[in-house]
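Data block below; observations after.
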Amino acid sequence: MNTYRIAVIAGDGIGKEVIPAGIQVLKIAAEQGGFALDFTELPWGCDYYLQHGRMLDADGVDRLLTFDAVYLGAIGDPRVSDAVSARELILPVRQRLFQYVNLRPMRLMAGIRSPLANRGPADIDMICVRENSEGEYCGMGGRLHAGSPLEMASQTGIFTRQGIERIARYAFKVAQQRPRRLLASATKSNALQHAMVLWDEVVAGVAKEFPDVTYQKYHVDALCARMVTHPQTLDVIVASNLFGDILTDIGSAISGSLGVGPGGNINPERTTPSMFEPIHGSAPDIAGRGIANPIAAIWAGAMMLDHLGERAAHDSILAAIERVIGEETVKTPDLGGKATTADMATAVTSALRR
Ligand code: IPM
Ligand code: MG
(Lines give C-alpha, C1' and ligand atoms only; values in the text may rest on other atoms or scores of the structure.)
(Ligands and ions follow the chains in the order given, each with its own letter.)
Protein backbone atom coordinates (compact mmCIF):
# COMPACT_ATOMS: atom_id res chain seq x y z
CA MET A 1 0.00 0.00 0.00
CA ASN A 2 1.32 3.43 -0.91
CA THR A 3 1.82 5.73 2.06
CA TYR A 4 2.25 9.45 1.52
CA ARG A 5 3.91 11.58 4.19
CA ILE A 6 2.15 14.90 4.49
CA ALA A 7 3.47 17.92 6.42
CA VAL A 8 0.52 19.83 7.82
CA ILE A 9 0.86 23.53 8.58
CA ALA A 10 -2.61 24.56 9.69
CA GLY A 11 -1.23 28.00 10.51
CA ASP A 12 -3.43 30.75 11.86
CA GLY A 13 -7.05 31.79 12.26
CA ILE A 14 -9.48 29.68 10.28
CA GLY A 15 -6.55 27.65 8.94
CA LYS A 16 -6.74 25.77 12.26
CA GLU A 17 -10.42 25.02 11.58
CA VAL A 18 -10.51 24.16 7.89
CA ILE A 19 -7.41 21.94 7.81
CA PRO A 20 -8.78 19.38 10.34
CA ALA A 21 -11.96 19.33 8.23
CA GLY A 22 -9.86 18.66 5.15
CA ILE A 23 -7.93 15.89 6.91
CA GLN A 24 -11.19 14.24 7.95
CA VAL A 25 -12.23 14.03 4.29
CA LEU A 26 -8.80 13.02 2.99
CA LYS A 27 -8.66 10.10 5.43
CA ILE A 28 -11.91 8.68 4.09
CA ALA A 29 -10.72 9.16 0.51
CA ALA A 30 -7.50 7.32 1.35
CA GLU A 31 -9.40 4.42 2.94
CA GLN A 32 -11.57 4.14 -0.14
CA GLY A 33 -8.65 4.51 -2.54
CA GLY A 34 -6.45 1.91 -0.85
CA PHE A 35 -3.59 4.20 0.11
CA ALA A 36 -2.45 5.73 3.38
CA LEU A 37 -1.75 9.28 4.47
CA ASP A 38 0.69 9.90 7.28
CA PHE A 39 0.11 13.45 8.59
CA THR A 40 2.75 15.30 10.61
CA GLU A 41 1.51 18.52 12.19
CA LEU A 42 3.95 21.39 12.33
CA PRO A 43 2.99 24.14 14.77
CA TRP A 44 4.29 26.99 12.61
CA GLY A 45 2.63 30.32 12.03
CA CYS A 46 1.97 33.53 13.94
CA ASP A 47 1.37 31.93 17.37
CA TYR A 48 4.71 30.21 16.97
CA TYR A 49 6.23 33.57 16.01
CA LEU A 50 4.82 35.26 19.10
CA GLN A 51 6.39 32.57 21.29
CA HIS A 52 9.67 31.93 19.50
CA GLY A 53 10.32 35.04 17.44
CA ARG A 54 10.23 33.12 14.19
CA MET A 55 7.51 31.83 11.90
CA LEU A 56 9.06 28.38 11.60
CA ASP A 57 12.03 26.45 12.92
CA ALA A 58 15.45 27.48 11.63
CA ASP A 59 15.71 24.20 9.72
CA GLY A 60 12.01 24.29 8.82
CA VAL A 61 12.29 24.48 5.06
CA ASP A 62 14.85 21.66 5.08
CA ARG A 63 12.52 19.51 7.15
CA LEU A 64 9.75 20.02 4.62
CA LEU A 65 12.00 18.41 2.02
CA THR A 66 11.53 15.05 3.71
CA PHE A 67 7.77 14.97 3.01
CA ASP A 68 5.80 14.02 -0.09
CA ALA A 69 3.61 17.14 0.08
CA VAL A 70 2.69 20.05 2.33
CA TYR A 71 -0.90 20.82 3.33
CA LEU A 72 -1.19 24.46 4.41
CA GLY A 73 -4.11 26.28 6.03
CA ALA A 74 -3.67 30.03 6.24
CA ILE A 75 -1.06 32.38 7.62
CA GLY A 76 -1.76 35.79 9.14
CA ASP A 77 -2.63 37.32 12.49
CA PRO A 78 -3.41 40.95 13.36
CA ARG A 79 -0.69 40.85 16.04
CA VAL A 80 2.06 40.09 13.50
CA SER A 81 2.90 42.26 10.51
CA ASP A 82 1.84 40.61 7.25
CA ALA A 83 5.21 41.59 5.84
CA VAL A 84 6.76 39.26 8.44
CA SER A 85 4.28 36.38 8.34
CA ALA A 86 4.09 35.95 4.57
CA ARG A 87 7.68 36.90 3.85
CA GLU A 88 9.04 34.41 6.38
CA LEU A 89 6.81 31.44 5.76
CA ILE A 90 4.71 31.09 2.61
CA LEU A 91 6.97 32.95 0.21
CA PRO A 92 10.27 31.27 1.17
CA VAL A 93 8.63 27.86 1.03
CA ARG A 94 7.27 28.55 -2.45
CA GLN A 95 10.64 29.81 -3.62
CA ARG A 96 12.98 27.39 -1.89
CA LEU A 97 10.94 24.31 -2.75
CA PHE A 98 10.91 25.40 -6.42
CA GLN A 99 7.12 25.54 -6.45
CA TYR A 100 7.15 27.73 -9.49
CA VAL A 101 3.58 26.99 -10.55
CA ASN A 102 0.65 28.33 -8.58
CA LEU A 103 -2.38 26.56 -9.99
CA ARG A 104 -5.76 28.01 -9.05
CA PRO A 105 -9.08 26.79 -10.44
CA MET A 106 -11.86 29.40 -10.36
CA ARG A 107 -15.20 27.85 -11.04
CA LEU A 108 -18.76 28.75 -10.24
CA MET A 109 -20.29 25.53 -8.92
CA ALA A 110 -23.92 24.67 -9.36
CA GLY A 111 -25.62 25.66 -6.11
CA ILE A 112 -23.58 28.81 -5.55
CA ARG A 113 -24.67 32.26 -6.69
CA SER A 114 -22.11 34.53 -8.26
CA PRO A 115 -22.14 38.20 -7.26
CA LEU A 116 -22.22 38.80 -11.03
CA ALA A 117 -25.83 39.06 -12.19
CA ASN A 118 -27.23 36.33 -14.43
CA ARG A 119 -24.10 34.20 -14.46
CA GLY A 120 -24.22 30.44 -14.03
CA PRO A 121 -21.71 27.58 -13.89
CA ALA A 122 -21.29 27.57 -17.69
CA ASP A 123 -20.03 31.16 -17.60
CA ILE A 124 -17.32 30.92 -14.96
CA ASP A 125 -14.88 28.06 -15.36
CA MET A 126 -11.28 29.21 -15.48
CA ILE A 127 -7.94 28.20 -14.09
CA CYS A 128 -5.04 30.50 -13.39
CA VAL A 129 -1.44 29.38 -13.84
CA ARG A 130 0.42 31.91 -11.77
CA GLU A 131 4.21 32.28 -11.80
CA ASN A 132 5.18 31.56 -8.21
CA SER A 133 8.92 31.92 -7.84
CA GLU A 134 10.14 35.24 -9.18
CA GLY A 135 8.71 38.39 -10.80
CA GLU A 136 7.36 41.09 -8.54
CA TYR A 137 7.66 38.78 -5.51
CA CYS A 138 11.37 38.06 -5.86
CA GLY A 139 12.06 40.10 -2.73
CA MET A 140 14.90 42.20 -4.09
CA GLY A 141 15.21 45.82 -3.08
CA GLY A 142 15.63 47.76 0.09
CA ARG A 143 15.04 50.90 2.09
CA LEU A 144 17.36 53.79 2.54
CA HIS A 145 17.34 56.68 5.03
CA ALA A 146 14.59 55.05 7.06
CA GLY A 147 12.37 57.48 8.89
CA SER A 148 13.91 60.57 7.33
CA PRO A 149 12.24 62.83 4.78
CA LEU A 150 14.68 61.42 2.24
CA GLU A 151 13.51 57.91 2.85
CA MET A 152 13.30 55.74 -0.24
CA ALA A 153 12.34 52.19 -1.07
CA SER A 154 13.00 50.10 -4.13
CA GLN A 155 11.24 46.88 -4.99
CA THR A 156 12.66 45.17 -8.01
CA GLY A 157 10.87 42.65 -10.19
CA ILE A 158 13.02 39.93 -11.69
CA PHE A 159 11.77 38.19 -14.81
CA THR A 160 13.90 35.52 -16.38
CA ARG A 161 13.52 33.92 -19.77
CA GLN A 162 13.70 30.50 -18.13
CA GLY A 163 11.10 31.47 -15.51
CA ILE A 164 8.65 32.80 -18.08
CA GLU A 165 9.22 29.96 -20.48
CA ARG A 166 8.53 27.20 -17.95
CA ILE A 167 5.36 28.80 -16.60
CA ALA A 168 4.10 29.49 -20.12
CA ARG A 169 4.77 25.92 -21.20
CA TYR A 170 2.95 24.57 -18.15
CA ALA A 171 -0.02 26.84 -18.90
CA PHE A 172 -0.21 25.80 -22.54
CA LYS A 173 -0.20 22.15 -21.44
CA VAL A 174 -3.06 22.84 -19.02
CA ALA A 175 -4.97 24.59 -21.83
CA GLN A 176 -4.34 21.68 -24.17
CA GLN A 177 -6.14 19.35 -21.78
CA ARG A 178 -9.27 21.47 -21.46
CA PRO A 179 -12.11 21.36 -23.99
CA ARG A 180 -11.90 25.02 -25.03
CA ARG A 181 -8.11 25.17 -25.36
CA LEU A 182 -7.90 28.90 -24.74
CA LEU A 183 -4.99 30.62 -23.08
CA ALA A 184 -5.03 34.26 -21.98
CA SER A 185 -1.72 35.79 -20.99
CA ALA A 186 -1.81 38.70 -18.56
CA THR A 187 0.63 41.39 -19.55
CA LYS A 188 1.23 45.09 -19.07
CA SER A 189 3.75 45.67 -21.82
CA ASN A 190 2.24 49.07 -22.61
CA ALA A 191 3.67 50.44 -19.36
CA LEU A 192 6.31 47.96 -18.17
CA GLN A 193 8.52 48.10 -21.22
CA HIS A 194 11.27 45.76 -20.01
CA ALA A 195 9.80 42.95 -17.98
CA MET A 196 6.45 42.63 -19.69
CA VAL A 197 7.83 42.96 -23.20
CA LEU A 198 10.13 40.03 -22.38
CA TRP A 199 7.10 38.21 -20.95
CA ASP A 200 5.15 38.75 -24.19
CA GLU A 201 8.06 37.67 -26.39
CA VAL A 202 8.71 34.50 -24.45
CA VAL A 203 5.03 33.51 -24.18
CA ALA A 204 4.54 34.13 -27.92
CA GLY A 205 7.57 31.92 -28.59
CA VAL A 206 6.20 29.07 -26.49
CA ALA A 207 2.81 29.50 -28.21
CA LYS A 208 4.40 28.25 -31.45
CA GLU A 209 4.85 24.81 -29.80
CA PHE A 210 1.10 24.62 -29.16
CA PRO A 211 -0.72 25.37 -32.42
CA ASP A 212 -3.85 23.64 -31.05
CA VAL A 213 -4.24 26.25 -28.26
CA THR A 214 -5.76 29.66 -29.04
CA TYR A 215 -3.55 32.19 -27.36
CA GLN A 216 -4.40 35.82 -26.69
CA LYS A 217 -2.62 38.41 -24.59
CA TYR A 218 -4.50 41.02 -22.58
CA HIS A 219 -3.24 43.94 -20.55
CA VAL A 220 -3.93 42.97 -16.97
CA ASP A 221 -6.28 45.88 -16.30
CA ALA A 222 -8.43 44.92 -19.29
CA LEU A 223 -8.28 41.30 -18.18
CA CYS A 224 -9.60 42.26 -14.72
CA ALA A 225 -12.53 43.98 -16.42
CA ARG A 226 -13.08 41.05 -18.78
CA MET A 227 -13.28 38.60 -15.85
CA VAL A 228 -16.21 40.63 -14.60
CA THR A 229 -17.93 41.53 -17.88
CA HIS A 230 -17.19 38.49 -20.10
CA PRO A 231 -16.02 35.67 -17.83
CA GLN A 232 -17.37 33.09 -20.28
CA THR A 233 -14.60 34.05 -22.75
CA LEU A 234 -11.83 32.99 -20.37
CA ASP A 235 -10.45 29.50 -19.84
CA VAL A 236 -6.78 29.28 -18.79
CA ILE A 237 -4.93 32.40 -17.66
CA VAL A 238 -1.15 32.63 -17.34
CA ALA A 239 0.12 35.49 -15.24
CA SER A 240 3.12 36.81 -13.37
CA ASN A 241 3.29 36.45 -9.60
CA LEU A 242 1.59 39.74 -8.64
CA PHE A 243 -0.87 39.82 -11.53
CA GLY A 244 -1.86 36.24 -10.76
CA ASP A 245 -2.37 37.10 -7.11
CA ILE A 246 -4.83 39.86 -8.00
CA LEU A 247 -6.59 37.98 -10.80
CA THR A 248 -7.22 34.94 -8.61
CA ASP A 249 -8.89 37.01 -5.90
CA ILE A 250 -11.24 38.39 -8.56
CA GLY A 251 -11.74 34.87 -9.91
CA SER A 252 -12.63 33.39 -6.57
CA ALA A 253 -14.87 36.34 -5.70
CA ILE A 254 -16.90 35.97 -8.91
CA SER A 255 -17.07 32.22 -8.22
CA GLY A 256 -19.33 33.10 -5.32
CA SER A 257 -17.16 32.76 -2.25
CA LEU A 258 -13.55 33.00 -1.21
CA GLY A 259 -14.34 29.94 0.88
CA VAL A 260 -14.35 27.63 -2.12
CA GLY A 261 -11.24 28.24 -4.24
CA PRO A 262 -8.16 26.03 -3.76
CA GLY A 263 -4.59 26.42 -4.91
CA GLY A 264 -1.56 24.27 -5.51
CA ASN A 265 2.04 25.48 -5.27
CA ILE A 266 3.60 22.96 -7.56
CA ASN A 267 7.07 21.82 -8.50
CA PRO A 268 6.23 20.02 -11.74
CA GLU A 269 9.63 18.28 -11.77
CA ARG A 270 8.78 16.74 -8.37
CA THR A 271 12.31 17.17 -7.04
CA THR A 272 10.80 18.76 -3.91
CA PRO A 273 7.37 18.53 -2.27
CA SER A 274 4.52 20.67 -3.56
CA MET A 275 2.20 22.59 -1.24
CA PHE A 276 -1.57 22.82 -1.35
CA GLU A 277 -3.68 25.49 0.35
CA PRO A 278 -7.02 27.25 0.15
CA ILE A 279 -6.77 30.65 -1.57
CA HIS A 280 -8.46 32.39 1.33
CA GLY A 281 -6.55 33.87 4.24
CA SER A 282 -6.76 33.35 8.00
CA ALA A 283 -9.95 35.48 8.29
CA PRO A 284 -9.38 36.78 11.86
CA ASP A 285 -12.90 38.29 11.80
CA ILE A 286 -14.56 34.87 11.88
CA ALA A 287 -11.76 32.77 13.36
CA GLY A 288 -12.58 30.71 16.44
CA ARG A 289 -16.29 30.48 15.69
CA GLY A 290 -16.21 27.26 13.69
CA ILE A 291 -18.15 28.71 10.78
CA ALA A 292 -15.48 28.93 8.09
CA ASN A 293 -16.24 27.13 4.87
CA PRO A 294 -13.86 24.15 4.62
CA ILE A 295 -14.56 23.48 0.93
CA ALA A 296 -11.48 25.37 -0.32
CA ALA A 297 -9.27 23.38 2.05
CA ILE A 298 -10.95 20.10 1.13
CA TRP A 299 -10.59 20.85 -2.58
CA ALA A 300 -6.92 21.82 -2.03
CA GLY A 301 -6.47 18.43 -0.34
CA ALA A 302 -8.00 16.76 -3.39
CA MET A 303 -5.54 18.60 -5.64
CA MET A 304 -2.75 17.30 -3.40
CA LEU A 305 -3.94 13.70 -3.90
CA ASP A 306 -4.06 14.28 -7.64
CA HIS A 307 -0.49 15.54 -7.56
CA LEU A 308 0.55 12.47 -5.56
CA GLY A 309 -0.85 10.26 -8.30
CA GLU A 310 -4.24 9.49 -6.74
CA ARG A 311 -6.40 10.92 -9.50
CA ALA A 312 -9.42 8.75 -8.68
CA ALA A 313 -9.44 9.96 -5.08
CA HIS A 314 -9.28 13.56 -6.31
CA ASP A 315 -12.21 12.96 -8.62
CA SER A 316 -14.35 11.37 -5.94
CA ILE A 317 -13.70 14.19 -3.46
CA LEU A 318 -14.58 16.74 -6.10
CA ALA A 319 -17.76 14.86 -6.97
CA ALA A 320 -18.67 14.81 -3.26
CA ILE A 321 -18.05 18.57 -2.99
CA GLU A 322 -20.19 19.18 -6.07
CA ARG A 323 -22.96 17.06 -4.66
CA VAL A 324 -23.01 18.84 -1.30
CA ILE A 325 -22.86 22.31 -2.88
CA GLY A 326 -25.43 21.35 -5.52
CA GLU A 327 -27.94 20.02 -2.99
CA GLU A 328 -27.81 23.35 -1.13
CA THR A 329 -28.90 21.79 2.14
CA VAL A 330 -25.68 22.38 4.06
CA LYS A 331 -24.29 25.89 3.64
CA THR A 332 -21.83 27.86 5.71
CA PRO A 333 -22.55 31.60 6.24
CA ASP A 334 -20.38 32.66 3.25
CA LEU A 335 -22.84 30.72 1.07
CA GLY A 336 -25.86 32.21 2.80
CA GLY A 337 -26.52 29.44 5.32
CA LYS A 338 -25.98 28.65 8.98
CA ALA A 339 -23.96 25.44 8.81
CA THR A 340 -20.67 25.08 10.67
CA THR A 341 -17.28 23.97 9.40
CA ALA A 342 -17.93 20.58 10.99
CA ASP A 343 -21.39 20.25 9.37
CA MET A 344 -19.89 20.91 5.98
CA ALA A 345 -17.02 18.44 6.48
CA THR A 346 -19.46 15.79 7.65
CA ALA A 347 -21.69 16.44 4.64
CA VAL A 348 -18.73 15.93 2.30
CA THR A 349 -17.60 12.74 4.06
CA SER A 350 -21.10 11.29 3.90
CA ALA A 351 -21.37 12.24 0.21
CA LEU A 352 -18.06 10.40 -0.30
CA ARG A 353 -19.49 7.33 1.39
CA ARG A 354 -22.75 7.38 -0.57
C1 IPM B 1 -1.95 34.36 -1.90
C2 IPM B 1 -1.70 35.36 -0.82
C3 IPM B 1 -0.19 35.54 -0.68
C4 IPM B 1 0.33 36.01 -2.02
C5 IPM B 1 0.26 36.46 0.43
C6 IPM B 1 -0.20 35.95 1.78
C7 IPM B 1 1.72 36.74 0.42
O8 IPM B 1 -2.35 36.55 -1.09
O9 IPM B 1 -1.51 33.21 -1.76
O10 IPM B 1 -2.61 34.71 -2.88
O11 IPM B 1 0.25 37.20 -2.33
O12 IPM B 1 0.79 35.18 -2.78
MG1 MG C 1 -3.63 36.44 -2.80
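Both backbone and side-chain heavy atoms feed into the values below; hydrogens, waters and symmetry mates do not. All ligand and atom numbering here is 1-based and tracks the order in the structure. Quick note: residue numbers are just sequence positions, from 1.
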Surrounding NZ of K27 (heavy atoms of other residues, nucleotides or ligands, distance under 6.0 Å), is the total greater than 12? no
Checklist entry - Between E269 and R166, is there a side-chain N and carboxylate O pair less than 4.0 Å apart? => result no
Notebook entry, point to check: With under 30° as parallel and over 60° as perpendicular, where do the rings of F39 and Y71 fit, or are they tilted in between?
Noted result: tilted
Atoms of ligand 1 under 4.0 Å from any heavy atom of Y137, numbered from 1 in the order shown, are 4 (C), 11 (O), 12 (O)
heavy-atom search around atom 7 (C) of ligand 1 in the protein gives A86 CB, 3.5 Å
* Any heavy atom of E136 sitting closer than 4.0 Å to ligand 1? -> no
Looking at D245, the N/O/S atom that lies nearest to the Mg ion (ligand 2) is called OD1
If you compare R130, H280, R87, R94 by their heavy atoms, the one closest to atom 9 (O) of ligand 1 turns out to be R94
Using distance alone, decide if ligand 1 has a nitrogen or oxygen within less than 3.5 Å of any nitrogen or oxygen in D245. yes
Nearest non-hydrogen protein atom to atom 1 (C) of ligand 1, with distance, is R104 NH2, 3.3 Å
Check step by step if side-chain contact (heavy atoms from CB on, under 4.5 Å) holds for Y137 and N132. CA-CA 8 Å; Y137 278 42; N132 211 30; over 6 Å; no
Exercise for review: In plain terms, say whether E327 and R354 are close enough for a salt bridge, that is, a side-chain N and a carboxylate O under 4.0 Å apart.
Suggested key: yes
Checklist line | Ring-face cation contact, Y49 with R54, 6.0 Å cut, 45° max | finding: no
